Participant: 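After the structure tokens below, expect a handful of questions from me.
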2 protein chains.
Amino acid sequence: MPKVATRQDARQKLLDAALSVIRTKGYSATSVDELCAAAGVTKGAFFHHFKSKEELGVAAANHWSQITGALFAQAPYHEHADPLARIIGYLEFRKALLQGGVPEFTCLVGTMVQESYETAPAIREACNASISDHAAALEPDIEAAMRDRALAADWSAASLALHTQAVLQGAFILAKAKGGAAVAADSIDHLIRYLKLLFGPGAAERQS
Amino acid sequence: MPKVATRQDARQKLLDAALSVIRTKGYSATSVDELCAAAGVTKGAFFHHFKSKEELGVAAANHWSQITGALFAQAPYHEHADPLARIIGYLEFRKALLQGGVPEFTCLVGTMVQESYETAPAIREACNASISDHAAALEPDIEAAMRDRALAADWSAASLALHTQAVLQGAFILAKAKGGAAVAADSIDHLIRYLKLLFGPGAAERQS
DNA sequence: ATATACATACCGACCAGTTGGTATGTTGTC
DNA sequence: GACAACATACCAACTGGTCGGTATGTATAT
């Protein structure tokens, strides 16, 4: 029996618990006690690993970056030869992720940054890094697609990458408001349509 | 001296205070005491007008709907003869609203629904109504634009209207994460570009 | 005109429960 | 035996909410 396994992993259990609890109730409404209960850990363990609730918030945002980073890095859409196909594939992948209850497919950092952007700068910055890094990962494919089609656009690859994240974050808000994933899928479809119009046949001629 | 003025307006003062305080700190992190202090009102007055904090949340969402409803109803973009111009005008208007600090231009109900969608059904529904009604107000113009151009689209006016709200809500999240309005404006620009591609010259031929 | 009756608007002390955080153990490991 | 990884007990501050009370307005009957 790996006795070591029960020891030393309180931090991980807290971090994992934070992902689901905070996505369900929000950061402020989530108490330390609740987090400990969900993780099956005592309060002493909590403050042994995190010197404050805010530090847990920062760590949770970073944890989220790691997990989602790994998920998207190994996703199959990277295999497409055409960069545009990879971008569309990414968005189809995000649509396919809209499974289960709303708390299960929504974004931790999008939720957290709303509550803490003015009151907890460290959390805001960790959330910003998570979103911005994820967006930055899309830039090379967007740039390649622009080059392929010789697009002389009045927008940058970076701004389009951020726009995809805006649509996704907004789609999550609508899903929360309406209590279902359907709206979110519709919004992603509109984004896909936008990309196809931007990069599709005759696109270079339409833009100048 | 209007002695009456000092009476009876505690409710309004609380509602107005709620708009700014909740947009800054979020719903959960805003305490009743804080709300009272910001409104210059006592706790007794609070619970005289609202039987619970949650009821204040619902009332604040409705108050927000009223205020924003009036703002957009009297906005100048309705004067355009062309329905597409009205839609683009609406989005330009929203871009022009990105002034001042982040808490001043972001959306109350978008913020609130993130925190309460699972825990406070009444607030969720009030926020949903605010967003959905606002989106619904855009539908007639979208439908008219589709009719004008004889678009046989595989998307509905309703879904496009909701998509505009998703982009706006997402733009606010990015603005909060990055600490400035610039990203939000860029995202609205992408949305405007999408609409121009959807409805612009040759659009009917491109879609089938 | 005025007394009675009642409703509305508001005040502020108070309460029980919860909050984030701390101080002091205990236990296993190198 | 030193140190990390926890557990337990506890605390002051704050939380949403209650409650008895007061000031003011209004309808009605006399």
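Computed from a predicted model, the values in this text were never measured in an experiment. Quick note on labels: first sequence line is chain A, next is B, and so on, each numbered from 1.
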Participant: Going by the rule ring-ring contact (aromatic ring centres under 6.0 Å, His included), which residues pair with A:Tyr194 if we only count those two or more places apart in sequence or in a different chain?
Facilitator: A:His163, B:His190, B:Tyr194
Participant: Determine to 10° how strongly the helix from C:dA1-D:dT30 to C:dC30-D:dG1 is bent, judged from the axes of its five-pair ends.
Facilitator: 0°
Participant: For C:dC10 and B:His48 - does any side-chain N or O of the residue sit under 4.0 Å from the phosphate oxygens OP1/OP2?
Facilitator: no
Participant: Run the side-chain contact (heavy atoms from CB on, under 4.5 Å) test against B:Phe47 and tell me which residues pass, sequence neighbours left out.
Facilitator: B:Val32, B:Lys43
Participant: Dump every N/O contact between nucleotides 14-19 of chain D and the protein below 3.5 Å, one line per pair.
Facilitator:
unit_1, atom_1, unit_2, atom_2, d
D:dG16, OP1, B:Lys53, NZ, 3.3
D:dG16, OP2, B:Val32, N, 2.8
D:dG16, N7, B:Lys43, NZ, 2.9
D:dG16, O6, B:Lys43, NZ, 3.4
D:dG17, OP2, B:Lys53, N, 2.8
D:dG17, N7, B:Lys43, NZ, 3.4
D:dG17, O6, B:Lys43, NZ, 2.9

Participant: In whole Å, I'd like the distance from the CZ atom of A:Phe50 to the P atom of D:dA5.
Facilitator: 12 Å
Participant: Got a sec, which residues hit side chain to side chain donor-acceptor pair (under 3.5 Å) with B:Gln169, two or more places apart in sequence or on another chain?
Facilitator: none
Participant: Sequence neighbours left out, what passes salt bridge (charged side-chain N to carboxylate O under 4.0 Å, His left out) with A:Asp189? Give chain and number order.
Facilitator: A:Lys95
Participant: Any side-chain hydrogen bond (donor to acceptor under 3.5 Å, both in side chains) involving residues 51-64 of chain A? Give me the pairs, sequence neighbours left out, ordered by first then second residue.
Facilitator: A:Asp16-A:His63
Participant: What integer distance in Å separates A:Leu35:CG from C:dG20:P?
Facilitator: 9 Å
Participant: Which pairs of donor and acceptor atoms, one on a side chain in residues 80-87 of chain B, lie under 3.5 Å apart (sequence neighbours left out)?
Facilitator:
unit_1, atom_1, unit_2, atom_2, d
B:His80, ND1, B:Tyr77, O, 3.2
B:Asp82, OD2, B:Ala85, N, 3.4
B:Arg86, NE, B:Asp141, OD1, 2.8
B:Arg86, NE, B:Asp141, OD2, 3.3
B:Arg86, NH1, B:His80, O, 2.9
B:Arg86, NH1, B:Ala81, O, 3.1
B:Arg86, NH2, B:Asp141, OD1, 2.9

Participant: Are A:Met146 and A:Phe199 side-chain neighbours, meaning at least one heavy-atom pair lies under 4.5 Å?
Facilitator: yes
Participant: When the side chains of residues 121-140 of chain B are checked against the rest of the protein, which donor-acceptor pairs come out under 3.5 Å, sequence neighbours left out?
Facilitator:
unit_1, atom_1, unit_2, atom_2, d
B:Arg124, NE, A:Ala177, O, 2.9
B:Asn128, OD1, B:Ser132, OG, 2.9
B:Ser130, OG, B:Ser65, OG, 2.9
B:Ser132, OG, A:Lys178, NZ, 2.8
B:Ser132, OG, B:Asn128, O, 3.0
B:His134, NE2, B:Tyr90, OH, 2.7
B:His134, NE2, B:Arg94, NH1, 3.4

